[in-house]
Amino acid sequence: MSRKTLAFVCQNCGAAYSRWQGKCESCGEWNTLAEEAADAPVGKGGGGRMPGRGRAFTLQPLSGGDEDAPRLATGLTEFDRVTGGGLVRGSVILVGGDPGIGKSTLLVQVAAALARAKQRAVYISGEEAVAQVRLRAERLALADAPVELASETSVEDIIATLSQGATPRLLVIDSIQTMWTSSVESAPGTVTQVRASAQLLIRFAKRTGTCVILVGHVTKDGQIAGPRVVEHMVDAVMSFEGEGSHQFRILRAVKNRFGPTDEIGVFEMTGLGLREVQNPSELFLSERDLGSPGTAVFAGIEGTRPVLVEIQALVAPTSLGTPRRAVVGWDPSRLSMVIAVLEAHCGVRLGTHDVYLNVAGGLRINEPAADLAAAAALVSSLAGAPLPADAVYFGEVSLSGALRPVAQSPARLKEAAKLGFTRAFLPDFGRADAPADAGLTLAAHGNLASLVADIAARGNRNRMRREA
């Protein structure tokens, strides 16, 4: 019999300690250490038998063919875009998202699409009964899809059942926090159980070629719960994002060994499930308020897809000693940098004003090309000057106030022209990359001060027109 020892394992990062302490030294979180039983190492003096010598295995060359297709398309274009073209045989994908965001709905639709394509798809639910999953399938009009269902939490029983008959092409585990294995004496949901259960499912995927999708819970700050080591074990990590007040959902690849990590898939939540959105720009701009100060349309890039989104800014006087800076959907550090550049190089005084910045629609922007659009929206709100409704903005602002060109300018301009925009404000050095047939009037600026002067002049003309 192997000896059992007690260890205190951090439920956030998986670090183990010999005694309890309030703060985890590895991740810095407080009150995350929980007592778990672990197998003591067995060696020469441990009272157990010596480990075996191991078995020899066959090494394979790099070249060689495979009878099966390397990827399996699900039929959902947006899902296949994020995965890199379809599901890879033997891959393991971890999908995380807020409760109620639609993870189970999305994966039921993926499993039903594969099952209708004559591929064996299995859906294992550890949180819902089979009857509850059937109710969701009926609501989504997918009850006729030959998806195999089960409500089970034992990993050994799941693997033993799936080893019989034809090998599944897709296995959905909802969720990994509910799974448990008899080889570990911890409770389900603990770091040790999650790590051991994931390891058994990964071995099954690599041995049989089944694509396994694991559903993971998220913490209050949006991170996937459980040990971070699970994210390193799987082949792809995807985040299913969205706001409860908006109908659309975004599937974003955080890690992908078989495809790009900057692609997004856009879905709209309807009464019949998730509907794919082929043109996200029309969705994000559908409720745009034309003619209002403080709004600018940003021509961005998400992966290989150009996306146009509205950036809203509100600059209001404050009586507080420290003005408030609030931002939703953008990096707060970049907002602070843009405000500092406006004050240092453009003469825009925002020290006595509260600044609020919002990316309309709930989309989160990560690229620095949004600097120019954010600056234009801030100055427009401060001066009370509406920006042209038929113009888009993109460009990076440097600390010296100069505008730097950004990548994929032709794709941004073509998407803007397709949606009816006629003007584009961009850095001066990016004019050379603009296609001649874009059909847009290009307003290139070498520095941010010239753009600020144009917006201020427009505000003065509007003020004089109102006074007259």
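With sequence neighbours left out, the side chain to side chain contact (heavy atoms under 4.5 Å, CB included) criterion links R136 to S104, T105, V108, E128, R139, L140. Residues meeting the side chain to side chain contact (heavy atoms under 4.5 Å, CB included) test with R275, sequence neighbours left out: E268, T270, V277. Taking the ring pair (Phe, Tyr, Trp, His ring centres under 6.0 Å) definition, one finds that F240 meets it with nothing, sequence neighbours left out. For T178, the side chain to side chain donor-acceptor pair (under 3.5 Å) criterion is met by no residue, not counting sequence neighbours. When the salt bridge (Lys or Arg N to Asp or Glu O under 4.0 Å) test is applied to D371, the partners found at least two apart in sequence or on another chain are R334. For F284, the ring pair (Phe, Tyr, Trp, His ring centres under 6.0 Å) partners are F248, not counting sequence neighbours. Scanning for salt bridge (Lys or Arg N to Asp or Glu O under 4.0 Å) contacts around D157 gives an empty result, with sequence neighbours left out. With sequence neighbours left out, the side chain to side chain contact (heavy atoms under 4.5 Å, CB included) criterion links A187 to T190. Applying the salt bridge (Lys or Arg N to Asp or Glu O under 4.0 Å) rule to R116 yields the partners D144; only residues at least two apart in sequence or on another chain are considered. Residues that satisfy the salt bridge (Lys or Arg N to Asp or Glu O under 4.0 Å) test with E148, not counting sequence neighbours, are R120.
Here ring-ring contact (aromatic ring centres under 6.0 Å, His included) pairs that include residues 182-212, with residues two or more places apart or in two chains, number zero.
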Return a table of donor-acceptor pairs under 3.5 angstrom between the side chains of residues 360-368 and protein atoms on other chains or two or more places apart.
unit_1, atom_1, unit_2, atom_2, d
E367, OE1, R412, NH2, 3.0
E367, OE2, I301, N, 2.8
E367, OE2, R412, NH1, 3.4

